[in-house]
Amino acid sequence: MECKKANDLMMKYMDQIITENEALLLRDHVSSCADCLEDFKIYDEMMTDFADIEIISAPEGFEESVALKIEESGFVYKPRNKFINNLLTNLIGGVAVIFAIGFIFIVNRDNIMNFMLTNDFLSSYMDIITPMTNLITTYTNNFIAAVSQFASSVAVFAAGNKYYILGAFIALLIAQYVILRRKENKVEDKVE
Amino acid sequence: MLDLKKASDYELIQNCLNGDNYSFNELVARYKNLVYSVILRMVNDREEANDLAQDVFLKIYKNLDKYYPDYKFSTWIIRITTNHVIDYRRKKKFDSVSFEEVNYDISSDDSPERAYIEKERKEKLNHVVSQLPDMYKVPIVLYHQQGLSYKEIADIIEEPLSKVKNRIFRGRKMLKDLLVDNLKEGESYGV
């Protein structure tokens, strides 16, 4: 066996993953190679000394010192206001539900109103509902018209400035990438 | 009310981000020995290790919102610790470290003479470890002196497993060569 192979086996020995067969091969080699025998003895002693891992304890008062350091830094995490967070979430959720129901109603307005007319109880509310739905329909149509006009204007503008828009988009992507890389490197610098 | 002693690291972190500093005190209590021992094995000076360890925990505190539970909290902490110490040593242009400054208490049931020889040998080993370049010292300290696995070390230093193994193998060889070089005339290190 070559000394290089013997050295590989010494590494496996230090990792404590050497097999019985490999250990025998290594033993045979070092019994006939003075240099490798010397190396092995040193590694073996290193293993013994490393194995005696001393448990090192932080000095007394360490936790208090850290707490003081944090206090002196002035850096604090403010409590997140659960009530306001929940309120906002519920509010947004509620508005979304109302919007969804309203949307379904508007889309199926004629069917729903025809159904209501056939029902004695519901038809009594038609006087209230009909003007409201007419108003909503008017506003919706106006909104759709405005959006269409805006979309046409945007299309005309984009057609005339496509290269500027493309350049701005690429610049935005590059800026985002740079910001992201800086954020990643802030805490975790490379070892070497 | 969260029982701090039984809470997981992640629960403590979330509590801390919500303004509860007692949760961070619990995290410090859990990991102070780990951080301190890693630093001490790298700088070999108790006072310096104490200051650096406190700085590390301050850094950890300020960056808690950047921790993601993809890795163990201990892995993340050791990563910050090793990077901080390496940056510190670069700024100080750390050359060699005196190994006389730190006395590692070693108890032995053997004879006083044997205990003395063992103590000398271990101090010599710590001295040569401190002489290694950081690139090799970090994985050697983490593997042999902190008992971490190759995978854990790879996660900490963010390098492939093969690179970690290679550095540890080369680090061992360098230690062997340094031990042989450091022998005084007539002395032997296990040989």
Side-chain angles (χ1 to χ4, degrees), chain A residues 7-8 10-17 34-82 85 183-192, chain B residues 16-21 24-25 28-29 32-33 35-37 40-41 46 50 53-55 57-59 61-66 79-80 82-83 86-87 104-106 118 121-122 125-126 133-135 138 144-147 150 156-159 165 168-169 172-173 175-176 179-180 189-191:
Chain A
N7 190 61
D8 291 342
M10 288 185 215
M11 293 298 125
K12 288 186 90 172
Y13 169 74
M14 292 193 82
D15 285 339
Q16 298 178 63
I17 56 172
D35 289 339
C36 286
L37 178 62
E38 189 177 316
D39 287 352
F40 180 75
K41 283 182 177 177
I42 295 175
Y43 284 134
D44 193 39
E45 288 291 354
M46 275 167 57
M47 280 288 287
T48 306
D49 293 338
F50 276 139
D52 194 10
I53 293 175
E54 184 201 345
I55 297 170
I56 297 173
S57 298
E60 234 177 84
F62 181 83
E63 289 165 57
E64 289 78 13
S65 302
V66 170
L68 185 64
K69 210 153 199 162
I70 290 171
E71 201 183 310
E72 284 172 355
S73 74
F75 188 94
V76 286
Y77 288 106
K78 290 182 184 162
R80 291 175 275 205
N81 195 321
K82 279 186 183 169
N85 283 349
K183 212 173 173 180
E184 281 172 358
N185 288 336
K186 212 175 172 187
V187 176
E188 298 148 1
D189 295 322
K190 293 290 178 193
V191 171
E192 55 169 352
Chain B
C16 189
L17 291 173
N18 211 21
D20 176 23
N21 276 3
F24 190 72
N25 292 346
V28 174
K32 62 179 180 181
N33 292 341
V35 169
Y36 181 76
S37 63
L40 183 60
R41 294 189 200 282
R46 288 196 189 274
N50 190 20
Q54 289 177 31
D55 290 340
F57 274 107
L58 179 60
K59 203 173 199 175
Y61 179 76
K62 287 182 174 180
N63 289 283
L64 272 180
D65 56 341
K66 294 180 184 61
R79 185 189 295 167
I80 294 176
T82 51
N83 286 344
I86 288 165
D87 287 344
Y104 292 90
D105 294 328
I106 294 149
E118 276 185 12
R121 211 178 58 216
K122 283 168 187 174
L125 180 60
N126 285 323
D134 287 338
M135 189 165 70
V138 169
H144 282 294
Q145 294 181 316
Q146 294 296 139
Y150 282 140
I156 287 166
I157 65 173
E158 293 183 293
E159 295 284 7
K165 275 186 182 175
I168 287 177
F169 288 4
R172 285 169 181 164
K173 192 174 181 309
L175 282 177
K176 175 186 68 76
L179 281 166
V180 171
Y189 182 87
V191 180

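Lettering of chains follows the sequences in order, A, B, ..., and the numbering in each one begins at 1.
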Min side-chain heavy-atom separation [X]-[Y] under 4.5 Å:
{"X": "A/Phe50", "Y": "B/Leu125", "answer": "yes"}
{"X": "A/Ile42", "Y": "B/Val180", "answer": "yes"}
{"X": "A/Ile70", "Y": "B/Lys62", "answer": "no"}

Heavy-atom distance under 4.5 Å to chain A: side chain of [X], backbone, both or neither?
{"X": "B/Lys173", "value": "both"}
{"X": "B/Leu64", "value": "both"}
{"X": "B/Asp65", "value": "both"}

Study note, to complete from the structure: Nearest heavy-atom approach of A/Val76 to B/Tyr61 is CA-OH, 4.0 Å
Practice item. State, to 0.1 Å, how close A/Ala58 and B/Asn33 come at their nearest heavy-atom pair, and which atoms those are. Key: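 Looking at all heavy atoms of both residues, the closest pair is N-OD1, 2.8 Å.
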Practice item. Quick one: which residue pairs count as a salt bridge (charged side-chain N to carboxylate O under 4.0 Å, His left out) with a foot in residues 63-74 of chain A, not counting sequence neighbours? Key: A/Glu63-B/Lys32, A/Lys69-B/Asp55
Check your understanding: Under a 4.0 Å N-O cut-off, is there an ion pair linking A/Asp39 with B/Arg172?
Key -> no
Review point. Residues two or more places apart in sequence or in another chain: which of them pass ring-ring contact (aromatic ring centres under 6.0 Å, His included) with B/Phe57?
Key: A/Phe62
Practice item. Take B/Asn21 and A/Tyr77 through the side-chain hydrogen bond (donor to acceptor under 3.5 Å, both in side chains) test and state the conclusion after the steps. Key: CA-CA 9 Å; B/Asn21 276 3; A/Tyr77 288 106; over 6 Å; no
Study note, to complete from the structure: Scored by heavy-atom pairs under 4.5 Å with chain A, the best of B/Val28, B/Asn50, B/Leu175, B/Leu17 is B/Leu17
Practice item. Counting only heavy atoms closer than 4.5 Å, note whether A/Ser73 contacts chain B via side chain, backbone, both or neither. Key: side chain
